[in-house]
Amino acid sequence: MHNLLYINGEWTGESLNKLSVHNPATGELISEVPKGGKKEAAAAVEAADDAFRTWSKTTAYERAALLKKLYGLMIENEAELAELMTREMGKPLSEAKGEVHYAANYIEWYAEEAKRVYGENIPTHDSNKRLQVWKKPVGVVAAITPWNFPAAMLTRKMGPALAAGCTVVIKPSSETPLTAIKLVQLAEEAGFPKGVINIVVGSSKEIGEVLLLDSRVRKVTFTGSTEVGKILMKQGSETIKKLSLELGGHAPIIVLDDADINKAVDGTIASKFRNSGQTCVCGNRIYVQSEIHNKFVDALTEKVKELKVGDGMEEGINIGPLINKAGVEKVSSHVADALEKGAQVVHGGEQPSEQGNYYIPTIIKNATNDMLMMNEETFGPVAPIQKFETIDEVIRLANDTPFGLAAYVFTESISKGTRIIEDIDFGIVGWNDGAPSAVQAPFGGLKESGLGREGGHQGIDEFLEMQYVSMGI
Ligand SMILES: NC(=O)c1ccc[n+]([C@@H]2O[C@H](COP(=O)([O-])OP(=O)(O)OC[C@H]3O[C@@H](n4cnc5c(N)ncnc54)[C@H](O)[C@@H]3O)[C@@H](O)[C@H]2O)c1
Ligand SMILES: O=C[C@H](O)CS(=O)(=O)O
């Protein structure tokens, strides 16, 4: 099967100009994909709008059956999907296999949630009336996804949208379109009717304008940078789009003096270095209380030195390449800025060689709040450590950011942990846990990290409208 666009049940786009997909580890050309634009986006919206009339009338059980078939096909194709992800995005194969299951589990979870969309009976004030709340699918959904989790960020949207009875137009990142196209191929194989699922790859500005400005698109669900999220919010206001925004983060990791050092080190590594530090929930700044500071730095350094850097297709690799040269340049500039402002490199702090988009997993100490990496997403394998004295101080430091996605607290004290978590403004908190994400839990941020939640029973509400019905009898 070629890598094409999928619109109204047809694989199309052969005659269009192509965009190239390269392996970030080797630079090799993996595949070419048609570069779609306004025309293809408009055709996809048309197809999704037509299909909505029938798809929205299917039963929850019919939709659940198709989602379960797609789940089964994803698991059957785990190896191919994982290799595709590693080759187009760079993450180690072991992480890519994990993402296939994470992504498939969103499909399975929402196959069941489809059957639990309940309305309400409201106690009437008038014996001649009956009051009810009916739930209905919102309509045509545009799903715009990032490159760092090419499968999971798509199924976290596609799963609930389809389960609710919506139709979808997918716009994946041009860095990693192949995984998304493969998932749509599997959806076609599962038997989803034509027009229910459509995918358009290409000019994000052109495609985005169509998806955001066409009134037939009733919902836009976006995962990506806060900068782009703000653009989409402005565009969506033209037709009052329902919006879900899963945006950037800048997670603090807080380690108190009474922390279990092993939990704190293992949790920091899980949070910081997963996907080579290219996740929205990565710890971006590490605050360590003064008494435990040196012990924590030594223990973390010892573990980080064991992380192996290389091509994610090789056995035993923990840190793959960053997505592209720009990613490496951003990490290097953040490290250089920190060193200029007085930080010290404990381990790493450079590329292993000029070849490939690799960066050595890095530990930096004596970080201070004026450094770029303490304020902007580094999106790379760099762990800056700043010492603190009091709980009030670290709550102020943690909250001093426009972001509010994830945060991590390592303490064995129930009272201290509760006090900190109550006072920090983040949508997701790992308490002695560096990997909190789970399909059954609501994922999302506060402040400039986004709007709405994905995952959990809350995630399907983003694709439903409620209708209040007052019935005279
Ligand atoms: N909160 C979350 O769940 C979450 C998850 C993953 C990544 N992210 C964030 O995403 C960012 C990294 O991903 P990225 O580099 O792909 O982000 P990005 O914002 O550059 O791109 C995300 C998607 O938006 C598209 N896009 C870009 N400009 C657009 C426009 N004007 N109109 C329509 N679409 C447009 C891109 O092509 C891509 O498909 C980081 O900030 C990371 O924190 C957040
Ligand atoms: O990068 C953002 C992803 O949502 C991370 S997670 O795999 O969902 O934790």
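Quick caveat: nothing in here was measured; it's all calculated off a predicted structure. Every number for a ligand or one of its atoms is a count from 1 in the order of the listing.
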Part of T226 within contact of ligand 1 (heavy atoms, under 4.0 Å): neither
Considering non-hydrogen atoms of the protein only, which is the closest contact for atom 31 (N) of ligand 1, and what is the distance? I231 CG2, 4.2 Å
Would you mind finding which of P172, A152, S204 brings a heavy atom closest to atom 35 (C) of ligand 1? S204
Distance-only check: which donor-acceptor pairs under 3.5 Å involve side-chain atoms of residues 96-104, not counting sequence neighbours?
residue: E99; atom: OE1; partner: K91; partner atom: NZ; Å: 2.4
residue: E99; atom: OE2; partner: A151; partner atom: N; Å: 2.9
residue: E99; atom: OE2; partner: A152; partner atom: N; Å: 2.9
residue: H101; atom: NE2; partner: E78; partner atom: OE2; Å: 2.5
residue: Y102; atom: OH; partner: Y106; partner atom: OH; Å: 3.1
residue: Y102; atom: OH; partner: R156; partner atom: NH1; Å: 3.4

Strictly under 4.0 angstrom, heavy-atom based: which residues surround ligand 2? Y102, N148, F149, M153, R156, R274, T279, C280, V281, S437, F443
Test your reading of the structure: does N148 have an N or O sitting under 3.5 Å from an N or O of ligand 1? no
Nearest option to atom 1 (N) of ligand 1, as decided by whichever heavy atom of L211, T223, L247 sits closest: L247
Review item, side-chain donor-acceptor pairs of residues 201-208, under 3.5 Å, at least two apart:
residue: S203; atom: OG; partner: E206; partner atom: N; Å: 3.0
residue: K205; atom: NZ; partner: E209; partner atom: OE2; Å: 2.8
residue: E206; atom: OE1; partner: K38; partner atom: N; Å: 3.1

Ignoring hydrogens and angles, write down the donor-acceptor pairs under 3.5 Å from the side chains of residues 309-321, residues two or more places apart or on other chains.
residue: D311; atom: OD1; partner: M313; partner atom: N; Å: 2.9
residue: N318; atom: OD1; partner: K308; partner atom: N; Å: 2.7

Measure the distance from atom 24 (O) of ligand 1 to every protein heavy atom, then report the residue, atom name and distance (to 0.1 Å) of the closest one. F222 CE1, 3.2 Å
What protein heavy atom is closest to atom 13 (O) of ligand 1, reported as residue, atom name and distance in Å? P146 CB, 3.5 Å
Examine the proximity of ligand 1 to Q278 and report which part, side chain or backbone, both or neither, has a heavy atom under 4.0 Å away. neither
protein heavy-atom neighbour closest to atom 43 (O) of ligand 1 works out as E377 OE2, 2.5 Å
